[in-house]
Amino acid sequence: MKAASDIIDEIFENFEQSRIFRDREKLLPDYIPEVLPHRENEIKRLAMILAPSLRGEKPNNAFIYGLTGTGKTAVTRFVLKKLSEKAGRKGIKITPIYINIRRRDTPYRVIADIAEAIGLRVPFTGLSVGEVYKRVLTKLDRRPGVYIIVLDEIDFLVRRHGDDLLYKLTRINEDLKRSRVSLIGITNSTTLIDSLDPRVKSSLGEEEIVFPPYNAEQLKDILEERAREAFYDGVLDPDVIPLCAALAAREHGDARRALDLLRVSGELAERKGDRRVTRTHVLQARIEIERDRVAEVIKTLPLHGKLVLASIAIVSRGRGKATTGEVYDEYRKLVKMLGLEEVTFRRVSGIIAELDMLGIIRARTISRGRYGKTRIIELAADPEAINGVLVKDLALEEISGYLEAGISGKGHSLR
DNA sequence: CTTCCACCGGAAGTACCGGTAA
DNA sequence: TTACCGGTACTTCCGGTGGAAG
């Protein structure tokens, strides 16, 4: 047994003299590379759309769609970066504003982010959307120029809050006297476009660019390109990149997934003090990424969300699936045991829908004819991972024994 | 063919919280 | 201080609905 300080020293030392990473940051999701393989056409298209801004004109609005990890964000940020560099050299006023809506998915937060991007300080609540919008208008006109607002992953806004804000933004130029605003909407889902107000649709869709998914070969090129900068020569086993590419290709060619996989594989190797990254690291990285994702999702669930998930885990144990009614019964037992207030059936039904959207369970509605209509629910993520996080997170002493026995099915209580 | 189960899921509303503006 | 804002979690009410049983 080593002394604790020895172990810490060892960790720090290993870290300082990384024999794996030349520059780990090159693999992070927000790094914008100089070379984007297999996206030359998309870059050209977007550049042509935005070029008029260099003459001080307002470019057309654009709609970009493609599945996650097809390079939409990277291409857009790349072109925007080049554009503002060029504009800076020519002394033209172009302001790109990039907003990712995934975690800022309400109208207020989006407009607040726009405000902040142009240098306005706004509180996180207390003002109305209209008020912030007005302040943005005056600020935009006070600093005349062309503004290009990119709304990445607008699906998250529209799905839950409609397209009112989008409509407002598409008409913002009517309220501006001296500045011009172009909008670029980015979305993962093709069906989203149809759910938009026709006026928003036609305004945003002045130009459209579709990003096709990458295939395994293309993913390999992308990974090799990045790996050259991120890793030292020769630390990657030859089968590492093909494996990462193949795994990600299965997930509709998601390049972000592939890069995550490669990065975490490297981190794993580094943490273990290994000299080389092997396919074993990749396979383990896949498990680790999934476990982290599950833990993150569960942690941010409201209390009754966790309890419903626990109920699903308990009911589906052994036979792998459950129905809404069974889950609700189990949930009520759990809540009673804890002496908590129970939420309504309707709410539990809603929670099940939410868990499904988060990808932590799979729920599909079926009809059993005479025996009614219900949802068949299964855990979508690794049950062990879910159980582990739940037992730790709920940390309800009185019942942790019951939970552990009930959920994991190991059949023993710890007390 | 109709019935009818066991749910689904939309819509509107409530309570509460942490905030702003004047 | 008062009036109002938005976000979250939840309730109340209620009109569907796929398909096996009768």
Answer yes when A:D141 and A:R178 have at least one side-chain N-carboxylate O distance shorter than 4.0 Å, and no when they do not.
no

Residue A:T344, side-chain heavy atoms: nucleotide from B:dC8, B:dG18, C:dT11 that is nearest:
C:dT11

Please check: side-chain N/O of A:R293 versus main-chain N/O of A:E288, any donor-acceptor pairing under 3.5 Å?
no

With the side chain of A:T323 defined as its heavy atoms from C-beta on, choose the nearest nucleotide among C:dA9, B:dC7, B:dC8.
B:dC7

Spacing between A:D105 atom CG and C:dG6 atom P, to the nearest angstrom:
15 Å

Rounding to a whole Å, what distance do you find between A:Y133:OH and C:dG6:P?
16 Å

Taking any heavy-atom pair under 4.0 Å as a contact, classify A:R160: base, sugar-phosphate, or nothing.
sugar-phosphate

Base, sugar-phosphate alone, or nothing: which one does A:R135 contact when heavy atoms must sit under 4.0 Å apart?
sugar-phosphate

note: A:L355, atom CG; B:dG9, atom C1'; distance rounded to Å ~ 16 Å

Which one, C:dC10, C:dT8, B:dC7, comes nearest to the side chain of A:F345?
B:dC7

Give the nucleotide from the list C:dA9, B:dG19, C:dG7 with an atom nearest to the side chain of A:F124.
B:dG19

For a quick test of reading the model: is some side-chain N or O of A:S349 closer than 4.0 Å to OP1 or OP2 of B:dC7?
no

Nearest-nucleotide pick for A:P123, side chain only, options being C:dG18, C:dA21, B:dT20:
B:dT20

Rounded to whole Å, how long is the line connecting atom CD of A:E341 with atom P of B:dC16?
13 Å

Without decimals, in angstroms, what is the distance between A:E354 CD and B:dG10 P?
12 Å

Mind checking if A:E342 touches a base, just sugar-phosphate, or nothing, with heavy atoms under 4.0 Å?
sugar-phosphate

Ranking A:E326 and A:R346 by the position along DNA chain B of their nearest nucleotide, the one closer to 5' is A:E326

Side-chain ion pair, A:R364 and A:E378, N-O less than 4.0 Å:
yes

Roughly, in whole Å, what's the span from CG in A:L165 to C1' in C:dG6?
14 Å

Proximity to the side chain of A:R347 - top-ranked nucleotide from C:dG6, B:dG9, C:dT11
C:dT11

Answer yes when A:E42 and A:K72 have at least one side-chain N-carboxylate O distance shorter than 4.0 Å, and no when they do not.
no

Taking NZ, NE, NH1 and NH2 as the nitrogens, is one of them in A:R45 or A:E207 under 4.0 Å from a carboxylate oxygen of the other?
yes

Phosphate-side-chain proximity, A:T324 and B:dC7, N/O vs OP1/OP2 below 4.0 Å
no

Regarding the side chain of A:R370, the nearest nucleotide among B:dC4, B:dG19, B:dC8 is B:dC4

When you measure only distances, ignoring hydrogens and angles, does the side chain of A:T125 come within 3.5 Å of the base of C:dG7 through a donor and an acceptor?
no

Atom CZ of A:R375 and atom P of B:dC5 are separated, to the nearest Å, by 20 Å

When you check the gap from the basic side-chain N to the acidic O, do A:D23 and A:K26 get nearer than 4.0 Å?
yes

Just the rounded figure in Å: distance from C1' of C:dG18 to CD1 of A:I366.
10 Å

Of A:R368 and A:H304, the one whose closest nucleotide on DNA chain C sits nearer the 5' end is A:H304

